[in-house]
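Numbers here are sequence positions counted from 1.
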Amino acid sequence: MSIPAARPPAVEHICNICLSSSDDHVKFFCFQVLEHQIKFRHAGLSGTQQQLIRETLMKWLQVQLMNAQPEKPFIRNKAAQVLALTFVMEYLTLWPKFFFDILSLVGLNPHGVDVYLRTLMAIDAEVVDRDILHSPEETRRNTLIKDSMREQCIPSLVESWFQILQTYQLTHPELTCQCLEVVGAYVSWIDLNLIANDRSVNLLLSQTSVEELREEACDCLFEIVNKGMDPVDKTKLVESLCQVLQSAGFFNVDQEEDVDFLAKFSRLVNGMGQSLVLSWTKLVKAGNVKEAAETLQAVEAKVPLMLQLLVHEDDDISANIVGFCYEYLHVLKQLPQLTDQQKANIEAVMLAVMKKLTYDDEYNFENEGEDEAMFVEYRKQLKMLLDRLAQVSPELLLEAVRRVFSNTMQAWQTAAFMEVEVAIRLLYMLGEALPASHGAHFSGDTAKTSALQDMMRTLVSCGVSSYQHTSVSLEFFETVVRYDKFFIVEPQHIPNVLMAFLDQRGLRHNSPKVRSRVAYLFSRFIKTLHKHMNAFVEDILTRIQDLLELAPPENGFPALLTSDDQLFMFESAGVLIVNGESPVERKQALMRSLLAPLMDAFRLLLNKLPLETDEERQVAIADCLSHAVGFASRTSKAFSNKQTVKQCGCTEVYRDCLQTFLPALSCPVQRGVLRSSVRSFLHRMIICLEEEVLPFVPAASEHMLKDCEAKDLQEFIPLISQITAKFKRQVSPFLQQVFMPLVLAIFEVLARPAEDNDQAAALEKQMLRRSYFSFIQAITGSGMNEVMANQGAENIERVVFTIIQGAVDFPDPVAQKTCFIILSKLVELWGGKDGMVGFPDFIYKHIVPACFLAPLKPTFDLSDAQTVLTLSECAVTLKMIHLKRGPEFIQFLQQEYLPSLQVAPEISQELCQVLQQPDVKVLKNYIKAFFQRAKL
């Protein structure tokens, strides 16, 4: 509900209605108006009105004490918010007795106590809650409020909490829980001794035995334990809490059936454990040997309880103790020597982690929802524990995993899927837990190497790849690829694993999820081991032939692999052909038989597309065409400097692809998709075909510059820049020919009118402007002076003016920086004695002013890192002008230009002196200071 702007008299009116109305919604509305007045107009209210609001709130509170039925919770909450806001605004000035007044009025009346506690929580939200962003002014005010409260009223508040807890623990559990929440919230910033004393702690501990109160009591104790304090005192506090909890029977976790309470209790134990570890760390650092030893003993005493909670069948209870467990392992890692008990603890943690990593029966692999996502997150926490175990005792971990793995693999046919999955998963996790440089797990440390090698040998030879469960299938292939270097040491296992990849265990598995992941893993496997694949190349290509077919758009049957999965298959096929040891003719024939079906399908579909009238069918055909180009493009990733397209005899087949694909650029429908895919293919061919690609570039460019949008141009420019950078002089004639058509196409798109508030169009134009400047930078930086020089004086002037405009007028530091780099380059090329006729004049009229006007703009923010880089290039441009024009430039600055900007003669002289120093760094630093001063 939006609040109408209330005129001052409305305050009296609202206060009146607030007390007299019996309609809940009217009351709520009144409190909302008061909230608005206090929050946004408090300073504008008269003293009388402020007094009236205070009185109204107290009268309303008094009414609560008398009512048989309390107000609805939503009204109580809103009233508490208004009370809290009034407190924040007036406690330090007008209402220092706020709490005294409320407590005197409320006493121990349950309705009153309820509003009092709600108000305290609302004050916590306004003054203390760190999750709420406050302005510096509010933060200062909040600090003053807390300091004032500590001095004046906190002891009284604490006393009131004690009375409430004691009075209502048996009769009003909801009030007691509210009060426990308040204690938990306030304990972080008040004097802990007020709470952490025998009287209060005993009361809190007694409440952990009351069913309705115990969860809230646990949370409250957790906040107390978390409070920062002296390490020795903290250890004493935690130990006394533990003694009481233990004697009350809380440590018998297995006898407790209430999982919600156990989750809270686990969080409390976690807090106690982490607090003790922190105390131990501080004491060790300070050299307090005796106290540190006592604290370590206290930590060790909690380990049996920690293990019970860690291994609990409820994952929330287990997850809540992981932090303590992690810290405990970190402590053990720092100890010079481990006792037998500590080693046993490590082993127990290991077994707990292995047990808890296991999926349960309810996990839905085909349709993963929120529960499944939570288990995946929980598994990540367990993985952290496993990694930490590996740091503490790699030998123990390796041995434990080996034992579990071997036992499970011996009987995998009769074992449940979750046991088989977790056994393989543990082997997989060792890969990260026991680090090896570049995955070299099978060289170096012999104990580790032989254990991993034994397990891998078992994995690939025991037949477990045939296990009928998606989780086991996935884990098998993930592990095979994680340890692909194993097959370099024992290549005799490659044929078996290849068959698993290629048959119904992998790429033809009945689960699309498995097929999809295996397609990716297969490409990784092939890339690592292609040297060992020579004997199988043609056999593999035959077996995957049907997986390389382009799925026709009208096919109603889902293909085995998606088009994204097929990309990996084409890449794998390319790698096998290119890296095989067949003669060049054979490689050529294999590559042609891989790509020819794509070209044939492409021609057929491209002829069909313009004739298709149905929009949906058009989109399907265009996607199919785009996939064909993408697949051909992906095969080219197999080539390298050692195995080029030329050396493999594949130039001709890729040239044929270009000839087949380029006509798609002039297709009148679905242009965006087609242009984008053909452009990507051209990028690849520029890299792979070298100069063989050049004859195709002019026609392609002509098509791409027709009827284009900002996005088309923005994506076309990097292609031209790539050609410029790669072929330089070779493409100079082409660049001279394409330069103005491209520039004019850009100008035309930038000049198109757009809606004022169309942010997407504005952003597209900004990106196009950046691309345009990058293109000019690529041309000027390539050493091909003639490309721009031969465009005719009028065109050159037009282009250079856009560079000046880009440097000064558009507040885009990325583009401005590029413009100054271009200007500096143009000065270098044309600004000397034998440069372009008329250019020195242009320097003085336009380039020098740009170097001063740009940084003087209000939008030029010198505290922004990107803008500082722009300023740096601006300084380089000035330096270049001095290099090319010498004393004449200094004279122009001193006598003409700087006086026109009203720069004082002494500063002008200073700037000119710095300009003449050889080190450009000095100028960069000076220029920044110069403009900072100018902007003051």
Going by an N to O cut-off under 4.0 Å, is there a salt bridge joining [X] and [Y]?
| X | Y | result |
| --- | --- | --- |
| D315 | K356 | yes |
| R592 | D656 | yes |
| K637 | E571 | no |
| K513 | E366 | no |

Tell me whether the count of non-hydrogen atoms from other residues, nucleotides or ligands lying under 6.0 Å of [atom1] in [X] goes above 12.
| X | atom1 | answer |
| --- | --- | --- |
| E691 | CD | yes |
| E581 | CD | no |
| M374 | CE | no |
| K608 | NZ | no |
| Q492 | CD | yes |
| E370 | CD | no |

Is any side-chain heavy atom of [Y] closer than 4.5 Å to one of [X]?
| X | Y | answer |
| --- | --- | --- |
| M306 | N345 | no |
| C648 | V584 | no |
| I346 | V349 | no |
| Q566 | H627 | no |
| Y654 | L658 | no |
| D600 | T660 | no |
| V518 | H509 | no |
| I687 | Q722 | yes |

Which atom pair, heavy atoms only, marks the closest approach of [X] to [Y]?
| X | Y | result |
| --- | --- | --- |
| Q618 | L609 | O-CD1, 3.6 Å |
| L427 | M456 | CD2-SD, 4.1 Å |
| F476 | A500 | CE2-CB, 4.2 Å |
| E421 | R379 | OE1-NH2, 2.7 Å |
| Q337 | Q342 | O-OE1, 4.0 Å |
| I424 | E475 | CG2-O, 3.7 Å |

Can you check whether [Y]'s main-chain N or O pairs, donor with acceptor, with [X]'s side chain at less than 3.5 Å?
| X | Y | result |
| --- | --- | --- |
| R543 | L502 | no |
| N607 | L604 | no |
| Y483 | G431 | yes |
| S516 | P512 | no |
| N270 | F324 | yes |

Test side-chain contact (heavy atoms from CB on, under 4.5 Å) applied to L521 and R517, step by step: CA-CA 6 Å; L521 292 169; R517 186 67 184 158; 3.9 Å; yes
Would you please test K380 and E377 for salt bridge (charged side-chain N to carboxylate O under 4.0 Å, His left out) and show each step? CA-CA 5 Å; K380 285 179 190 167; E377 276 308 305; 3.0 Å; yes
Could you walk me through whether R482 and E432 pass the side-chain contact (heavy atoms from CB on, under 4.5 Å) check? CA-CA 10 Å; R482 160 151 283 180; E432 271 181 25; 2.8 Å; yes
Please report the interatomic distance [atom1]([X]) to [atom2]([Y]), rounded to the nearest 0.5 Å.
| X | Y | atom1 | atom2 | result |
| --- | --- | --- | --- | --- |
| I686 | L689 | CD1 | CG | 10.0 Å |
| R675 | S626 | CZ | OG | 14.5 Å |
| F405 | L430 | CZ | CG | 10.0 Å |
| Q381 | S318 | CD | OG | 8.5 Å |
| T458 | Q453 | OG1 | CD | 11.0 Å |
| N407 | E419 | CG | CD | 11.0 Å |

With side-chain contact (heavy atoms from CB on, under 4.5 Å) as the criterion, how do M429 and V401 come out once you've worked through the C-alpha distance, each side chain's angles and the decisive distance to 0.1 Å? CA-CA 10 Å; M429 287 167 114; V401 170; over 6 Å; no
Assess the residue pair F477 and F522 against the criterion (ring-ring contact (aromatic ring centres under 6.0 Å, His included)); give the C-alpha distance rounded to whole Å, side-chain angles, the decisive distance to 0.1 Å, and a yes or no. CA-CA 9 Å; F477 288 110; F522 180 63; 9.5 Å; no
Could you check F568, F570, F681 and say which one makes a ring pair (Phe, Tyr, Trp, His ring centres under 6.0 Å) with F631?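 Only one of F568, F570, F681 forms a ring pair (Phe, Tyr, Trp, His ring centres under 6.0 Å) with F631, namely F570.
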[X] and [Y]: side chain donor to acceptor below 3.5 Å:
| X | Y | result |
| --- | --- | --- |
| S465 | R505 | yes |
| T644 | Q647 | yes |
| N320 | S266 | no |
| H493 | S461 | no |

Assess the residue pair V497 and I494 against the criterion (side-chain contact (heavy atoms from CB on, under 4.5 Å)); give the C-alpha distance rounded to whole Å, side-chain angles, the decisive distance to 0.1 Å, and a yes or no. CA-CA 5 Å; V497 172; I494 289 176; 6.0 Å; no
Taking ring pair (Phe, Tyr, Trp, His ring centres under 6.0 Å) as the cut-off, I'd like each qualifying pair that reaches into residues 325-362, sequence neighbours left out, listed once.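 Listed once each, the pairs are Y359-Y363, Y359-F365, Y359-F375.
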Are F487 and F525 an aromatic pair, judged by ring center distance below 6.0 Å?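 Ring centres of F487 and F525 closer than 6.0 Å.
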Compute the ring centroids of F417 and Y467, then answer whether they are less than 6.0 Å apart.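 So the answer is no for these two rings.
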Test salt bridge (charged side-chain N to carboxylate O under 4.0 Å, His left out) applied to R403 and E347, step by step: CA-CA 12 Å; R403 195 167 57 240; E347 194 134 1; 3.4 Å; yes
After noting the C-alpha distance and the side-chain angles of K646 and E690, does the key distance pass the salt bridge (charged side-chain N to carboxylate O under 4.0 Å, His left out) rule? CA-CA 9 Å; K646 211 179 241 169; E690 304 273 325; over 6 Å; no
Step by step, would you call D454 with R402 a salt bridge (charged side-chain N to carboxylate O under 4.0 Å, His left out)? CA-CA 9 Å; D454 283 350; R402 188 179 190 168; 2.6 Å; yes
